[in-house]
2 protein chains.
Amino acid sequence: MRNAARGHDLVALRRLNTTVVLRALHRRSPQTLAGLAVTTGLSRPTVEAAVEELTDRSLVGEATEETGERTPGRPARRFRFRTEAGYVLGVDIGLHKMVLLLADLGGAFLATHRTEIDPGLGGGPRLDLLRHAIDAFVDEHAPSRAAVLARCVGVPGMVGGDGVVTTVVVPEWSGVDLGRLLAEDGPDRVLVENDVNLALLAERWQGAATLARDVVCVLTGHRVSCGLTIGGRLHRGRRGGAGELGMLPLLGLSTAQRALAWDGERLSGESEVAALARAADGADPRALAAVAGFADRLTPGIAALALAVDPELIVLTGGATPVGPHLLPLIEERLRPVTLHVPRIALSSLGERGVAIGAVRMALDQVEEDLLADTAS
Amino acid sequence: MRNAARGHDLVALRRLNTTVVLRALHRRSPQTLAGLAVTTGLSRPTVEAAVEELTDRSLVGEATEETGERTPGRPARRFRFRTEAGYVLGVDIGLHKMVLLLADLGGAFLATHRTEIDPGLGGGPRLDLLRHAIDAFVDEHAPSRAAVLARCVGVPGMVGGDGVVTTVVVPEWSGVDLGRLLAEDGPDRVLVENDVNLALLAERWQGAATLARDVVCVLTGHRVSCGLTIGGRLHRGRRGGAGELGMLPLLGLSTAQRALAWDGERLSGESEVAALARAADGADPRALAAVAGFADRLTPGIAALALAVDPELIVLTGGATPVGPHLLPLIEERLRPVTLHVPRIALSSLGERGVAIGAVRMALDQVEEDLLADTAS
DNA sequence: GCGGTTATGAAAGTGTCCTACCGAATTCAG
DNA sequence: CTGAATTCGGTAGGACACTTTCATAACCGC
């Protein structure tokens with residue numbers, strides 16, 4: 001990564017300072033030259049040179065809109081990071097659905113698209129579907145294909161450091177380097193990541209885990225799986241298997257979902273979990289018992305994870321989110337006797353687009369690293 | 001830590017390059033100016049200036065010993081990092097014993113001392129004992145007290161980010177900021193850390209975990225506790241509680257030690273575990289059953305930890321090390337059905353001084369950060 | 001002792017950053 | 001509408017660090 005053993009000459013110094021200026025503008029826009037000089041600690045002429053170079057590289061532009069406030073003295077030119085200098089695409093492809101999300105470099109969402117997928121669709125056609133959907137979506141909403149600097153795809157299953165997927169959800173994708181296949185479609189960066197990990201990134205970006213650095217995310221769905229960030233960075237483990245506590249029968253995570261089975265009345269179009277949540281909201285004793293049973297089976301796994309990494313926060317997301325308000329206190333109560341300090345537990349606030357949002361975040365991280373990591377310290 | 005938002009001027013550049021040169025010399029000594037120029041990518045005059053400044057600061061000296069090899073041309077001056085520019089002290093204070101270890105900045109051990117401690121000794125007298133032992137040890141073996149740049153003390157119990165200890169081994173130390181108390185004795189850096197974490201650092205430095213970045217360390221003793229490194233860095237958790245899986249009765253770690261009870265014949269001075277190991281070596285069926293029972297109780301906790309962080313390596317250390325050769329295959333066998341990829345499992349190779357060695361390593365890390373982290377990128 | 005080889009030392013050259021100064025543009029007071 | 005005050009923009013001069021280049025010094029092998 002950063003080669004700390006190399007010295008720097010003067011052109012490296014200039015590149016370094018240019019990057020510092022770009023980073024300052026990325027953090028906050030617009031800014032005046034004088035303001036940049038203060039925040040970066042550089043002199044105004046130096047900042048001016050850096051801004052000029054960045055303008056040549058189309059990464060920075062002059063802000064034209066009126067500032068509104070009236071200050072004495074000659075008005076300062078204001079420069080801003082050009083969020084339209086590039087775009088990233090986040091994709092969530094699960095068993096039943098696919099979500100696409102386009103964002104600019106400022107992290108603003110520009111377009112989104114959702115498709116149902118036949119759960120029985122095999123690996124090959126599924127990949128074709130994904131590729132065509134991406135192409136069509138980009139062609140329709142992005143200025144050009146070249147403007148998309150990175151794509152990130154969230155898949156249900158483990159992703160090793162070599163990019164190879166291991167999944168039981170789409171068996172034909174196991175052992176496949178999905179990223180490499182997708183990279184054939186364009187010259188941009190392509191990333192593939194486990195869906196829980198992306199949901200976690202999303203929560204840390206815009207959801208319930210803002211500012212928290214050590215976070216555990218528990219995804220409840222057709223299976224229960226977990227992801228974690230340590231020190232603000234995703235921890236994948238040796239082969240992407242970190243958080244896969246479902247493997248250990250003793251902890252009961254693999255069978256937890258069964259507790260949520262619900263044969264009560266369902267409104268039209270209402271999912272099973274939603275019906276259960278509605279019944280629980282109405283204090284239906286059978287529904288409350290079902291939620292309690294779910295908490296019983298969920299807690300040992302969560303406790304093991306909490307004790308293993310001692311996180312600041314645990315985020316619950318996925319299919320069981322609707323019953324969350326009933327579930328959280330129960331888990332907390334069961335966690336109390338077995339943990340020295342019960343971590344804060346929160347419910348996801350991002351809903352169905354969580355994974356796609358996290359994919360956008362990861363793609364943005366990659367692009368920012370490419371753009372802003374010239375520091376080379 | 002590193003303030004990436006600040007720009008750099010030329011004096012910062014010079015400081016940066018000086019640090020790069022120091023780091024190169026720290027990595028390998030001695031080196032010639034020309035060699036340093038190659039490894040750092042700087043020109044020879046620049047390296048020369050940096051070496052001159054470092055010599056003034058007494059961090060670098062000219063190597064005087066004969067090189068032995070005869071090369072044509074004018075012989076080059078060779079410079080080396082002055083390992084005697086400072087010293088660090090590592091301490092392991094457990095319930096029954098205290099180990100002190102003095103090392104220079106090159107990591108060479110200069111002196112060691114071991115004392116038995118009455119397990120009933122309270123917190124106050126125990127702290128006095130520690131302070132006096134440190135002072136006497138330093139006075140005897142270090143050139144001066146001021147030459148000791150950092151001390152690190154390993155204690156049995158959790159250490160929060162604020163330095164406050166939580167321990168059941170020495171109850172009076174719970175809630176106490178031990179580091180602050182010890183810091184009163186001198187102007188040097190004082191660190192306090194959980195003993196398992198230090199044992200893990202030691203294994204990563206000189207033991208079984210060299211080069212591995214994600215490692216779990218399981219300390220077996222009067223209690224079983226665990227530590228972990230993620231990406232090569234210790235992970236402590238929100239309040240130093242990471243790895244404390246003993247809290248979860250379901251996993252059985254808290255009662256594991258009982259399985260090692262052994263009432264068989266003991267040689268004079270032989271510990272219970274050593275006698276058990278000897279009996280197991282002799283294929284005594286009762287001894288083998290005891291070890292198997294220990295493996296049974298140890299495995300669920302190890303499995304939970306392994307699934308949670310998916311480490312490259314698990315290191316077993318502590319009191320049960322003597323039966324390790326019998327234990328390891330049993331744990332591996334029990335781990336196989338519940339983990340997708342069984343991590344490598346290794347036995348500690350550092351013995352009783354492991355924690356003290358880790359304390360030295362942590363103190364060295366601190367000093368090196370102070371010395372070498374001027375990069376300020 | 002002499003040539004070959006390599007390191008050392010000092011100079012000139014290039015590039016970057018900073019400070020300082022002056023002109024330019026706008027606001028505000030009268 | 002005019003002038004003072006204020007702040008920004010542009011440019012020149014100086015300081016500093018790194019690199020390149022060349023001459024000199026020290027040592028080896030013949």
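This is a predicted model, so every value here is computed, not measured. The chains referred to below are lettered A, B, ... by the order of the sequence lines, with proteins before strands, and numbering in each begins at 1. Note that these values count all heavy atoms, side chains included, but never hydrogens, waters or copies made by symmetry.
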- request: Using heavy atoms to find the nearest nucleotide of DNA chain C for B:Asp9 and B:Pro75 separately, return the residue whose nucleotide is more 5′.
  value: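 That would be B:Pro75.
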- prompt: Of A:Gly73 and A:Arg14, whose nearest nucleotide on DNA chain C comes first from the 5' end?
  reply: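 Comparing both residues, the 5'-ward one is A:Arg14.
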In whole angstrom, give the distance that lies between atom [atom1] of [X] and atom [atom2] of [N].
X	N	atom1	atom2	result
A:Asn17	C:dC18	CG	C1'	12 Å
B:Leu36	C:dA7	CG	P	12 Å
A:Glu53	C:dC17	CD	P	10 Å
A:His8	C:dT16	NE2	C1'	15 Å
B:Glu52	C:dT8	CD	P	13 Å
A:Leu13	C:dC17	CG	P	5 Å

Distance-minimising heavy-atom pair for [X] and [Y]:
X	Y	answer
A:Ala208	A:Ser349	N-OG, 3.8 Å
B:Phe79	B:Ser29	O-OG, 4.4 Å
A:Gln31	A:Ala24	NE2-O, 3.1 Å
A:Val360	A:Leu101	CG2-O, 3.7 Å
B:Val367	B:Ala150	CG2-CB, 3.6 Å
B:Ala359	B:Cys152	O-CB, 3.2 Å

Where the side chain of [X] is defined as all heavy atoms beyond and including C-beta, which of [options] is the nearest nucleotide?
X	options	answer
A:Arg74	C:dA25, C:dC18, C:dA10	C:dA25
B:Glu48	C:dG15, C:dT27, C:dG9	C:dG9
B:Ala76	C:dC18, C:dT16, C:dT8	C:dT8

Reckon [X] touches a base, only the sugar-phosphate, or nothing at all at heavy-atom distances under 4.0 Å?
X	value
A:Thr71	sugar-phosphate
A:Thr46	sugar-phosphate
B:Arg77	sugar-phosphate

- request: Specify the residue among B:Ser43 and A:Pro72 whose closest nucleotide of DNA chain D lies further upstream toward the 5′ end.
  value: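 Going by which nucleotide is closer to the 5' end, it is A:Pro72.
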Closest-nucleotide ordering on DNA chain D, the 5'-leading residue of B:Ala49 and A:Arg44: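 Result: A:Arg44.
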message: Using a 4.0 Å cut-off to any heavy atom of chain A, which nucleotides of DNA chain D are the first and last in contact, reading 5' to 3'?
response: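 Going 5' to 3' along DNA chain D, contacts run D:dT6 to D:dC18.
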message: Any side-chain to backbone donor/acceptor pair from B:Arg82 onto B:Gly61? Under 3.5 Å, distance only.
response: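 Flag not set: sc B:Arg82 to bb B:Gly61 has no pair under 3.5 Å.
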